[in-house]
There are 2 protein chains.
Amino acid sequence: MTEQRPRTRIQKRNTAAIFEAALEVFSQHGFRGATLDQIAKAAGLSKPNLLYYFPSKEAIHVALLSKLMDTWLDPLRALDADGEPIEELLAYVRRKLQMSRDFPRESRLFANEIVQGAPRMIAAIEGELKALVDEKAALIEGWIAAGKIAAVHPYHLIFSIWSLTQHYADFDVQVRAILGGETVDPFPQAEEYLETLFTRLLSPVTGQV
Amino acid sequence: MTEQRPRTRIQKRNTAAIFEAALEVFSQHGFRGATLDQIAKAAGLSKPNLLYYFPSKEAIHVALLSKLMDTWLDPLRALDADGEPIEELLAYVRRKLQMSRDFPRESRLFANEIVQGAPRMIAAIEGELKALVDEKAALIEGWIAAGKIAAVHPYHLIFSIWSLTQHYADFDVQVRAILGGETVDPFPQAEEYLETLFTRLLSPVTGQV
DNA sequence: CGTAATCCTGACCATTTGGTCAAACTTATT
DNA sequence: AATAAGTTTGACCAAATGGTCAGGATTACG
């Protein structure tokens with residue numbers, strides 16, 4: 001098997017199990033920290049069987065990253081030129097924060113990879129991701145030019161949305177440790193805070209000198 | 001040698017070299033991804049000699065983390081109750097962004113550790129760090145109560161300062177890849193953007209319904 | 001139902017890696 | 001200069017790890 005789509009029922013089941021296991025293990029330990037044995041065990045397969053489906057550890061990692069990339073960018077893709085600008089951006093922030101809540105492993109997988117220089121992702125970042133960001137940054141500049149939102153550097157606006165929302169997934173342990181008791185769910189507070197932040201940042205400054 | 005301070009001239013020189021090398025290697029590859037051979041080579045020592053100064057790889061990592069922790073928190077410690085609130089917070093943001101620019105390896109070292117659940121740092125986070133944040137959060141609440149800054153959740157304000165500034169160190173590759181040409185230095189733009197962001201966020205809302 | 005294709009495994013291998021140790025070499029001290 | 005204390009190293013080891021392979025089990029299919 002190389003990189004074709006799964007054909008048989010068994011292939012479907014097992015590659016799905018492998019992706020799930022790899023996500024769990026890679027996101028928790030990083031590429032180097034993960035072992036094939038861990039992944040195999042988590043997937044309920046033997047190590048040789050794992051390597052029957054993917055030629056190497058690296059191949060699993062790469063396949064996983066590229067599989068998740070698409071989903072990961074959906075919230076940004078959904079930023080709609082025809083919507084009300086501030087509400088569109090706030091909705092993007094909300095969607096992104098949900099991703100942190102619902103898919104923290106995906107967030108950590110990417111975080112691990114990028115912190116270490118994105119050796120297996122740099123092409124996708126410079127290509128696909130950059131293209132999408134360029135497009136949306138242009139859209140944002142349009143909104144600024146039209147006076148719909150306050151003037152801010154569009155690329156850094158996007159960076160700030162990423163960093164603020166992903167922080168709650170990537171640094172989850174720290175957030176929870178500092179907020180104290182396990183009773184607290186940080187996400188509702190975070191949502192309120194971020195809504196305030198971006199509302200104040202983006203509301204056009206009217207009647208100012 | 002256990003964990004005492006270096007005594008002799010040679011010990012001083014070599015432990016310094018080890019810390020520098022360990023910072024370089026651990027921040028780039030994470031704990032698991034780093035090898036003793038890499039660290040030894042970067043420090044200009046043989047592996048057994050490295051282990052003459054530290055009993056294990058883990059001991060090096062722990063010693064490095066705890067050594068850097070202090071410096072890392074200095075910008076927050078410097079938040080001054082007697083200063084002008086908004087200017088104090090903006091200055092904190094600026095200091096923190098400088099740290100990202102000047103000490104990206106330190107930032108990545110912590111990022112690597114925390115993303116993976118902070119196994120070797122959780123105690124320091126729950127202790128020292130939490131205590132400091134609690135103190136400063138109280139200070140911020142005081143400013144809010146006094147009407148000096150707009151009402152925001154103080155803990156999330158601090159989280160947002162961390163995430164926004166550290167993003168430029170931890171996700172440096174991504175930031176540069178998306179901004180395009182290597183000619184661009186992201187930091188001046190980032191500084192301007194963050195100043196705008198926090199000014200708008202924190203300025204007390206006067207004369208509003 | 002027979003056979004080809006697919007799937008799975010135990011045994012095995014080479015390399016990497018964290019760590020040890022005895023002995024040799026330096027440096028400081030008297 | 002003698003000697004003690006501190007420093008360094010080559011050789012070595014056991015465990016972990018990524019990966020291979022020949023053959024056996026299972027499944028799909030005409």
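Quick note on labels: first sequence line is chain A, next is B, and so on, each numbered from 1. Only heavy atoms go into these numbers, but all of them, side chains included; no hydrogens, no water, no symmetry mates.
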A.B. asks: Establish whether the base of D:dG18 is bridged to the side chain of A:Lys47 by a donor-acceptor pair shorter than 3.5 Å.
C.D. replies: yes

A.B. asks: Is a side-chain donor-acceptor pair under 3.5 Å present for A:Tyr155 with A:Asp134?
C.D. replies: yes

A.B. asks: Please determine whether a side-chain nitrogen or oxygen atom of B:Thr8 lies at a distance below 4.0 Å from atom OP1 or OP2 of C:dT27.
C.D. replies: no

A.B. asks: In terms of heavy-atom contacts, does NZ of A:Lys148 have more than 12 from other residues, nucleotides or ligands at under 6.0 Å?
C.D. replies: no

A.B. asks: May I ask you to list the residues of residues 25-39 of chain A, by number, that have any heavy atom positioned under 4.0 Å from an atom of DNA chain C?
C.D. replies: A:Arg32

A.B. asks: Can you establish whether the number of heavy atoms outside B:Glu84 located under 6.0 Å from its atom CD is more than 12?
C.D. replies: yes

A.B. asks: Counting side-chain heavy atoms from CB outward, which of C:dG19, D:dT8, C:dC7 is closest to B:Lys57?
C.D. replies: C:dG19

A.B. asks: Checking B:Glu24 now: which residues fulfil side chain to side chain donor-acceptor pair (under 3.5 Å) with it, not counting sequence neighbours?
C.D. replies: B:Gln28, B:Arg105

A.B. asks: Considering every strand and a 4.0 Å limit on heavy-atom distances, what is the contact class for B:Ile10: base, sugar-phosphate, or nothing?
C.D. replies: sugar-phosphate

A.B. asks: Establish, with yes or no, whether the OP1 or OP2 oxygen of D:dA28 is under 4.0 angstrom from a side-chain nitrogen or oxygen of A:Arg9.
C.D. replies: yes

A.B. asks: Should we say atom CZ of B:Phe187 is surrounded by more than 12 heavy atoms from elsewhere, each under 6.0 Å from it?
C.D. replies: yes

A.B. asks: Between B:Ser56 and C:dG18, is there a side-chain N or O to OP1/OP2 distance below 4.0 Å?
C.D. replies: no

A.B. asks: Between B:Asp102 and B:Arg95, is the closest basic N to carboxylate O distance under 4.0 Å?
C.D. replies: no

A.B. asks: Starting from the 5' end of DNA chain C, give me the residue, B:Glu58 or A:Asn14, whose nearest nucleotide shows up first.
C.D. replies: A:Asn14

A.B. asks: For B:His61 and C:dG19, give me the distance from atom NE2 to atom P, rounded to whole Å.
C.D. replies: 13 Å

A.B. asks: Please state how far atom CG in A:Leu51 lies from atom P in C:dC13, giving the value in whole angstrom units.
C.D. replies: 18 Å

A.B. asks: Over how many whole Å does the gap from B:Ile18 atom CD1 to D:dT7 atom C1' extend?
C.D. replies: 12 Å

A.B. asks: Counting only side-chain N and O atoms of B:Tyr52, is one of them less than 4.0 Å from OP1 or OP2 of D:dT7?
C.D. replies: yes

A.B. asks: Taking only the side-chain nitrogens and oxygens of A:Tyr53, find out if one of them lies under 4.0 Å from OP1 or OP2 of C:dC8.
C.D. replies: yes

A.B. asks: Specify the separation, in whole Å, of atom CZ of A:Arg13 and atom P of C:dT6.
C.D. replies: 16 Å

A.B. asks: Would you list the pairs meeting ring-ring contact (aromatic ring centres under 6.0 Å, His included) in which at least one residue belongs to residues 8-41 of chain B, sequence neighbours left out?
C.D. replies: B:Phe19-B:Phe54, B:Phe26-B:Phe31, B:Phe26-B:His61, B:Phe31-B:His61

A.B. asks: Under 4.0 Å: is that the gap between some side-chain N or O of B:Gln11 and OP1 or OP2 of D:dT7?
C.D. replies: yes

A.B. asks: Can you check whether A:Asn49 has a side-chain N or O nearer than 4.0 Å to OP1 or OP2 of C:dC7?
C.D. replies: no

